[in-house]
Amino acid sequence: MPPRRDDSDSDISIDIGEGSGKKGKGKDKAGDKRKKDKGKGKATEAAYTWEASYTRSWDTVQEDEAGSLQGAVEDWMARGRRRRLLAPAAPVRRTIIRHLVLLLDLSASMLDRDMRPTRFDLTLQYAREFIVEWFDQNPLGQIGIVGMRAGIGERVGEMSGNPQDVLKSIADRHKLEPMGEPSLQNSIELAKGSMNHLPTHSSREILIIFGSLTTCDPHNIHDTLDACVSSKIRISVVALAAEMKICRELCDKTGGQFGVAMNEGHYKDLLFELIPPPAQRALTRAAGVGATNPAADLMMMGFPTRLPDASPPSLCVCHSELRSEGFLCPRCMAKVCDVPTDCDICDLMVVSSPHLARSYHHLFPVKPYTAVMSMEDASASTGCHGCAKAFPTTTLAAASEGMSPVGRYRCPECLGEFCSDCDLFIHDVLHTCAGCGR
Amino acid sequence: MPTTIARAVLYKKLSGVLELNETHLQWAQDGKSAPSVRVPHSDVNALFSSKEGAAQVRLKVALAGDDTGHNFAFTSPKAQTEREKFKSELTLIVSRNRTAAEAAARAPPAKPAPVARVSSTPQRPLISQAPSRAVSVSSADQRNVIIIPGNDPATDIRLRKTILMSDPDLGALHRELVAVSGQLSEAEFWEGREHLLISLAASENQQKGKAGQMVDPRPETVDGETKIVMTPQLIHDIFDEYPVVARAHRENVPGQLSESEFWTRYFKSKLYHAHRASIRSTAVQHVVSDDPILDKYLEKIDDELEPRRQRNECVELFVDLGATLEDHTETGNEKDVTMIAGRQRGALPLIRKFNEHSERLLNSALGDLPGAKRQKLSADGSYGQIDIDDLHDAEASTGIVLEMQDRQRYFEGGISQSTSSAETTLKAMDIKTLLRHAKAHMQNWETNLAQLKIERKPSDTALGSMTHNVASRLEVQARKNDIPDALFRQMTICQSAANEFLRQFWSSMYPPAAEVQVVATATPAQRAAKAAKMIGYLAKTQEKVDALVFMGPQHNIDPKRIEIAMKPVINAVNRAITFHQSKTSSSRT
């Protein structure tokens, strides 16, 4: 600001007092900010965070020689493909009936703007997407939501198997306004309290989204950790700031995953990695009574009778309201409004077969397709086995690892060759090979 | 301050005298001697008053556990000043109650924070906390069944009460079945609902942890004057953080200095600047003045190479900055001189202050632990310390391999069925004939198409049925619940009672895998008895529903509708009864 500099030149004595006062204040603020941003160091790179993310978008997408973005997109997809190859090929036991408590950090540190628009807004947005996707992939699961705010845990949403109910509980942004300091211990205890009554065949999971670098606990948090280990609660943490020893330990000891989000995209990746059901661990429960039980057990489920939409209204057991549509529990004939659910009367798990089928694909993942590396290797077919799109006839020069230069991906079972779009669609959406049906 | 103030006020539109004495706030109607409102000081929780210049001069006192509180209206011409008198006295009491409550909530209980006001009066003895609220409900003593183990009956009852109050439906059900008709015992009612209690207990038992920030009073500048607003909380924090200030306060207030003088001097003294959580010390020399009283408490600045308070714990080698020994002489490493603790002397006191602060904070959270437990020594010695997790291969998956019998059939089930049917049809027809047929069909397709006429009747019926379907759906949606409230409530009460019996019945039939430690798990005989009892109640449901149906015409409701509405309940009840019959007859034979 030129005028001010003029001032200071002309009238030094006054300006020193004022200037030093201001400087002190500025320093304070910068200090605060640095404290919060510790481990990110982004504040130092660019004056404003929006500038930082603006430059970032150019980093990820680069045109190839011909000026097309195709190569970049392919490269992006190849990354996912490589990750899939890392997954164990043999099917493992997974928990199909899941219970998850989402622990949202609602402390003041969530108001940081290092993720746009703020950590808080981004978290809410991702949490909504996460919940929708989670229920899509785990229709038999239930989610509860707990907020960490002002030193205590707050129950935001009760455990529910209905995505609408869960979404409604975090729909109102103003009720969740961040404030105060978070307490990991209090909120984990609270989450634990709402899962203690669950049967053992279901999983108990806590997913913590943690933006703060401190936790403000009344007692020894390691006791809480031990309690979680003994009640088989799996804790995963997505940290938005930096790695904290206690967070890492929570995840390691309970068998969860830990990750620090580097940017918005990575944040979402970390979160969505937790959607597929976790594998059951073999050795960790050595302390369990009567050793771990390797044999699988059957559990009882009921397939309800659906009442038509146009049937005359009658009272349901869950809301005591007059409704026409509903499902009849096969064991006790009670009328419930929604499936899947535990019957309100006889506690039988009431599901419909599509729910089961949708959960099963995690047990039988489609084998990763291998990339065909050269034209000599390719089969005679000229079009994709899935969508019949013609394969490119030229070989792409710059192909990164896991990416086929001829644009063909082969199923190891039926040897059908697919284009990269179909590969993605089959693995991410369809979950069954279009060629051989497995 | 007078020990007692009394003024004429209106309470619930009755005139009387409001009196504030040493222990209670009380109100007695004119002409009566015994006060009809009597509130101990410790119960006063909050204070509200009408705005200055409002038509009525009101004062509202909210009580602990009862937010509605009491409302007093001052009527005399000097109402404003009278109210102010009460207000100022009660404000003191309220603030003291809050501090006490906060102090009680924090473990270990801190000593009561003194009031920091200039006008502060000699400390009155703290009145003990309000009597436990559970006393009011202890009339239900014969139902004192503890549901959650490890809880005392009083809190257990209070938790149950809170749940019933927060969920009106559940409350109504409880009233209906347990309190009024006594069809279920308290324990039976809560069986299967333990999780409600546990989760409520979990959310109620939370304590706030102590925040990690160091006390740093922020001066505010108003009209050129620098002010620090002292709250009881702040004073408490300062005393906690710097015991020496507490000592100075104890020894000098109110003898040599008044409360406000003490704090004014403190914030100007060297003592305060030695306590600040930063090294902003350069400019300070001008502000700080010598203080004969407080300077006595100054301690020597802790910036020697060795800290004043020696730590007797052994530091792990991996984090010890001093451990830069020559330990691998064969590879030729030398003693590291780049990292020396306390090279910048000015930073030393600050570092040590932080250390002490952190230690104090941890101690307040952990309580007193034996020294051995305090340090989490890694079990696998110094080798384990340099074994960094990130360098391990993450591949080692420990998942249990899914073994499925006849795995092949899972995949082939769908396929084989469809292919076999397709194959049989294919076999039946030869491809050549098929082609020939198709060709024959395709001849003259243009003329055929032109001659095509769609029959009117089938399409009409198809459309008609579709419209009918949509209409009936629409009708269901449009139809409002026009059953009168009273009747509807009776229906829901009847239904929820029946549901509760059903729930009890099924839970005695199929007891849930008990993960939660319930006080007593029922024996099979007990369960059978309970099931029989529930069936007894359930058998009466039909009568009740019939009565409701009978009431329909009185409310101008088609009895059919009530019958249909209650149909699922009746079905479920009948199902339970038949189930029970078959169970008992099979067990007898």
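Chain naming here is simple, since letters A, B, ... match the order of the sequence lines and numbering starts at 1 in each.
Of the atoms belonging to A/Asp223, not a single heavy atom falls under 4.5 Å from chain B. At a 4.5 Å heavy-atom cutoff, the contact between A/Arg248 and chain B is made by side-chain atoms alone. For a residue to count as touching a neighbouring chain, one of its non-hydrogen atoms must lie under 4.5 Å from one of that chain's; by this rule A/Cys343 does not touch chain B. Interface residue A/Glu189: only backbone heavy atoms are found under 4.5 Å from chain B. Heavy-atom distances place no part of A/Thr214 under 4.5 Å from chain B, backbone and side chain included.
Comparing A/Ser231, A/Cys316, A/Cys329, A/Ser187 by heavy-atom pairs within less than 4.5 Å of chain B, the highest count is held by A/Cys316. Taking chain A as the reference chain and counting heavy-atom pairs below 4.5 Å, the highest number among B/Asn499, B/Leu502, B/Asn571 is found for B/Asn499. Listed options A/Glu325, A/Glu154, A/Gln185, A/Glu181 were ranked by heavy-atom pairs under 4.5 angstrom with chain B; first place goes to A/Glu181.
With rounding to the nearest 0.5 angstrom, the CE atom of A/Met333 is 12.5 Å from the CD1 atom of B/Ile570. To the nearest 0.5 angstrom, A/Ile345 atom CD1 is 13.5 Å from B/Arg575 atom CZ.
Side-chain contact between A/Arg331 and B/Phe579: absent, with no pair of heavy atoms (C-beta onward) separated by less than 4.5 Å. Side-chain contact between B/Phe488 and A/Leu322 is present, with at least one heavy-atom pair separated by less than 4.5 Å. The side-chain heavy atoms of A/Ser314 and B/Met566, taken from C-beta on, include no pair separated by under 4.5 Å.
B/Arg503 contributes a side-chain N or O that, together with a main-chain N or O of A/Asp344, makes up a donor-acceptor pair within less than 3.5 Å. Side-chain N or O atoms of A/Asn186 include one that pairs as donor or acceptor with a backbone N or O of B/Gln207 at under 3.5 Å.
Scanning all heavy atoms of the two residues, the minimum distance from B/Pro568 to A/Leu315 falls at CG-O, 3.9 Å. Smallest separation of non-hydrogen atoms from B/Gln495 and A/Ser320: OE1-OG, 2.9 Å.
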